[in-house]
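Here the structure is a predicted model, which means the values were calculated and not measured.
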Amino acid sequence: IRDWDDLKDIISNNRYFLKENYRNTLQISEYCNRTFNFAMNPMGISGTEIKKWPFVLALNNLFGYFRENPDSRIAIIYRKGLDNIESEIKRNIPEEKYSLGTLQPNKISLLTVERAKGLEFEYVLVIENHMTENEKYVSFTRALDNLVVAKAVF
């Protein structure tokens, strides 16, 4: 199903829209409102401003945050099929400091959007190359506080 309206011919249904966001900080909720033309009511606490940085700067900042907060849940989220992403990560982050496709304590999680669904992290770097609007929304809202958005240049 591509659109909820497709269901009206098959079954009787009602549509309800969630308008309150309790998961993310005010800044993340407001960023999503601006980016996706939403009207969500941010109910979270105030946090850090969203950053849109070049890819290498974003990776370096993420690794700095990791060194200072090794117990934090940290993720790099990207679209499935994004070629060369792992090799780019390896150039900037030691291989023993991240896990590919899995969650491990005291490691940075490198996850596709599909793998990240339903998870929450204190710090998220979203590599938005080739992401759909829905994939971006899912990725952005995995961050509880720190959200950095970057485009990788390969």
Side-chain angles (χ1 to χ4, degrees), residues 1 16-154:
I1 294 173
Y16 299 95
F17 295 93
L18 300 175
K19 296 256 183 196
E20 296 172 341
N21 181 333
Y22 290 91
R23 174 188 294 162
N24 310 109
T25 61
L26 300 172
Q27 288 80 0
I28 293 170
S29 295
E30 290 168 353
Y31 180 77
C32 288
N33 281 345
R34 286 190 309 274
T35 303
F36 305 111
N37 198 27
F38 287 169
M40 295 290 284
N41 297 321
M43 307 303 281
I45 59 173
S46 187
T48 60
E49 290 299 320
I50 296 1
K51 295 152 189 88
K52 288 196 86 166
W53 284 339
F55 181 65
V56 173
L57 174 62
L59 280 178
N60 290 334
N61 184 273
L62 175 136
F63 192 59
Y65 182 91
F66 171 76
R67 282 194 309 263
E68 292 175 15
N69 306 279
D71 295 331
S72 287
R73 294 169 297 172
I74 302 170
I76 300 170
I77 302 175
Y78 63 98
R79 186 168 202 242
K80 186 177 183 178
L82 188 59
D83 296 333
N84 301 321
I85 193 65
E86 189 177 355
S87 62
E88 289 298 315
I89 301 294
K90 283 181 182 180
R91 289 182 208 191
N92 294 279
I93 298 175
E95 197 167 347
E96 69 276 3
K97 300 295 183 186
Y98 71 89
S99 64
L100 180 61
T102 63
L103 302 176
Q104 293 183 24
N106 304 315
K107 287 195 175 190
I108 298 164
S109 300
L110 183 56
L111 303 167
T112 62
V113 177
E114 293 79 13
R115 290 267 191 168
K117 280 184 181 178
L119 302 176
E120 297 176 337
F121 302 91
E122 282 83 23
Y123 190 113
V124 172
L125 165 57
V126 176
I127 302 168
E128 65 177 352
N129 296 53
H130 310 295
M131 281 189 179
T132 65
E133 295 291 297
N134 187 56
E135 289 171 327
K136 287 179 186 179
Y137 177 75
V138 168
S139 299
F140 296 168
T141 58
R142 300 307 90 204
L144 295 174
D145 184 14
N146 297 283
L147 173 61
V148 177
V149 181
K151 280 199 178 193
V153 179
F154 311 126

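- We find the CG-OG1 distance between Leu110 and Thr102 to be 9.5 Å, quoted to the nearest 0.5 Å.
- Closest of all the heavy-atom pairs between Ile28 and Ala143 is CD1-O, 3.3 Å.
- No side-chain donor-acceptor contact under 3.5 Å links Asp145 to the backbone of Thr25.
- For Glu122 (side chain) and Arg73 (main-chain N/O), a donor-acceptor pair under 3.5 Å exists by modelled atom type.
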Exercise for the section: Evaluate the side-chain contact (heavy atoms from CB on, under 4.5 Å) criterion for residues Lys136 and Thr35: first the C-alpha distance (whole Å), next the side-chain angles of each, then the deciding distance (0.1 Å), finally the verdict. Expected result: CA-CA 10 Å; Lys136 287 179 186 179; Thr35 303; 5.6 Å; no
Exercise for the section: Dump the intermediate steps for side-chain contact (heavy atoms from CB on, under 4.5 Å) on Ile76 and Leu59, then the final yes or no. Expected result: CA-CA 9 Å; Ile76 300 170; Leu59 280 178; 3.8 Å; yes
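- Nearest heavy-atom pair across Pro42 and Ser29 is CB-CB, 3.4 Å.
- Taking Lys51 as the reference, nothing meets the salt bridge (Lys or Arg N to Asp or Glu O under 4.0 Å) condition, with sequence neighbours excluded.
- With a 6.0 Å radius and a threshold of 12 heavy atoms from other residues, nucleotides or ligands, Arg115 has its CZ atom at or below the threshold.
- Using a 3.5 Å distance cut-off with no hydrogens or angles, the side chains of Ser46 and Gln27 do pair a donor with an acceptor.
- The list of ring pair (Phe, Tyr, Trp, His ring centres under 6.0 Å) pairs with a residue in residues 104-137, not counting sequence neighbours, reads Phe36-Tyr137, Phe38-Tyr137, Tyr65-Tyr123.
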Handout entry: Full working for side-chain contact (heavy atoms from CB on, under 4.5 Å) between Leu82 and Thr112
Key = CA-CA 9 Å; Leu82 188 59; Thr112 62; over 6 Å; no
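- Using a cutoff of 4.0 Å between basic side-chain nitrogens and carboxylate oxygens, Lys80 and Glu135 are not scored as salt-bridged.
- The shortest non-hydrogen separation linking Glu96 to Lys107 is O-CE, 3.2 Å.
- When atom types are taken as modelled, the side chain of Asn24 and the backbone of Thr141 share a donor-acceptor pair closer than 3.5 angstrom.
- A 6.0 Å sphere centred on CD1 of Ile45 holds no more than 12 heavy atoms belonging to other residues, nucleotides or ligands.
- Proximity of a side-chain donor or acceptor of Arg79 to a complementary backbone N or O of Met131 within less than 3.5 Å is not detected.
- Using a 4.0 Å cut-off between a side-chain N of Lys or Arg and a carboxylate O of Asp or Glu, Arg23 and Glu120 qualify as a salt bridge.
- The shortest non-hydrogen separation linking Asn129 to Ala150 is OD1-O, 4.2 Å.
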Exercise for the section: Just do the side-chain contact (heavy atoms from CB on, under 4.5 Å) check on Ile85 and Phe55 with the steps written out, would you? Expected result: CA-CA 11 Å; Ile85 193 65; Phe55 181 65; 4.0 Å; yes
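- Applying the ring pair (Phe, Tyr, Trp, His ring centres under 6.0 Å) definition to pairs two or more places apart or across chains, those involving residues 66-87 are Phe63-Phe66.
- Side-chain contact between Ile108 and Ile89 is absent, with no heavy atoms from C-beta onward closer than 4.5 Å.
- Closest approach of Ser109 to Leu103, counting heavy atoms only: OG-CD2, 3.3 Å.
- Scanning both residues, Ala58 and Leu125, for their nearest heavy atoms gives CB-CD1, 3.6 Å.
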